[in-house]
Protein chains: 2
Amino acid sequence: MQTDSLSAILSALADPTRRAILARLVEGEATVNELAEPFEISLPAISRHLKVLEAAGLISRSRTAQWRPCRIEAAPLKDLSIWIERYRRLWDESFDKMDAYLRDLQKGDPDARKN
Amino acid sequence: MQTDSLSAILSALADPTRRAILARLVEGEATVNELAEPFEISLPAISRHLKVLEAAGLISRSRTAQWRPCRIEAAPLKDLSIWIERYRRLWDESFDKMDAYLRDLQKGDPDARKN
DNA sequence: TCTGTAGTTAACAATTACGTTAATTAGCGA
DNA sequence: TCGCTAATTAACGTAATTGTTAACTACAGA
């Protein structure tokens, strides 16, 4: 499959090298060579990882002279965060209580505020 | 690579069929055949998707008679949620303010509480 | 124009992922 | 024991992923 954007985001993030690149980009923009420096793999391999990240929208690239500085993009991470929110009640007890509270409020339960 | 648990979680979630299975399991336990029903792919294919989800810790399976009811497990989703939190400041302005606030508090800035 | 640096693309190999159909295991019940 | 249902495993094909090295494009500056 792999057509929807969430799949692209998740499989881009599934690779540890790509996650490390993203983590580096939180510090600020970086060129391809700078990003490649901590890794033992070849530059073309890094270039492909960047292409995957770019295709998923996780990074964007500008160009100044012969450099292609990369910057991290928030939107896909936000999308993923929103997706995972639907499961939060599974582990977050206080979310569960909040959820019940809001449901009670909507039902017009006069006691809702007491919980 | 694909040895660390976050990679296993992310690549398990990267498949739309597997995400749909998880979404179904939020409603409650289900057998393999029940889970397979909405999809057009074969039962062995579903069985393998379940194996991937189980390997990532996203589901667990019990057995009663010849059925293997699956249930969703929260822990890996929570791990992923925690991982993504580190990027929240990229899109969440209020998180950013909160972050600055906490940093100021820690520095002992007497004006911190005013923000 | 020539040279060096930055980065990508091409061509190839190995591995993994995902689907299929056919065969197999496991348990229930007549 | 036999047959039915539930589910997995085996064997296979194909496509995608990830890495390599070699060749190429693009720009800066002497």
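By convention in this document, chain letters (A, B, ...) are assigned in the order of the sequence lines, proteins followed by strands, and residues within each chain are numbered from 1.
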Side chain to side chain donor-acceptor pair (under 3.5 Å) involving Gln66(A) - partner list, sequence neighbours excluded: none
Look at the side chain of Arg68(A) and the backbone N and O of Arg61(A), then say whether any donor-acceptor pair between them is shorter than 3.5 Å. no
Within the pair His49(A) and dT17(D), is there a side-chain N or O less than 4.0 Å away from OP1 or OP2? no
Comparing Thr64(A) and Arg18(A) on DNA chain D - which has the more 5′ nearest nucleotide: Arg18(A)
Length of the CG-P vector between Leu53(B) and dC18(C), whole Å: 10 Å
Check this one for me: any side-chain N or O of Ser42(B) less than 4.0 Å away from OP1 or OP2 of dG19(C)? no
For Glu85(A), is there an ion pair with Arg88(A) - N to carboxylate O distance below 4.0 angstrom? yes
Quick one: Phe39(A) CZ to dG7(C) P, roughly how many Å, whole number? 15 Å
Taking the side chain of Ala65(B) as heavy atoms from C-beta outward, which of dG27(C), dA26(D), dG19(D) is closest to it? dG27(C)
Run the numbers on Leu77(B) and Ile72(B) for side chain to side chain contact (heavy atoms under 4.5 Å, CB included), then give the verdict. CA-CA 10 Å; Leu77(B) 291 163; Ile72(B) 191 169; 4.1 Å; yes
Just by protein heavy atoms under 4.0 Å, how would nucleotides 1-8 of chain D read 5' to 3' in B, S and -? ----BSSS
Value for CG (Leu58(A)) from SG (Cys70(A)), rounded to nearest 0.5 Å, stands at 12.0 Å
When rounded to whole Å, the CG to P distance for the pair Asp15(B) and dT16(C) reads 18 Å
So, Ser7(A) and Arg19(B): side-chain donor and acceptor under 3.5 Å apart, yes or no? yes
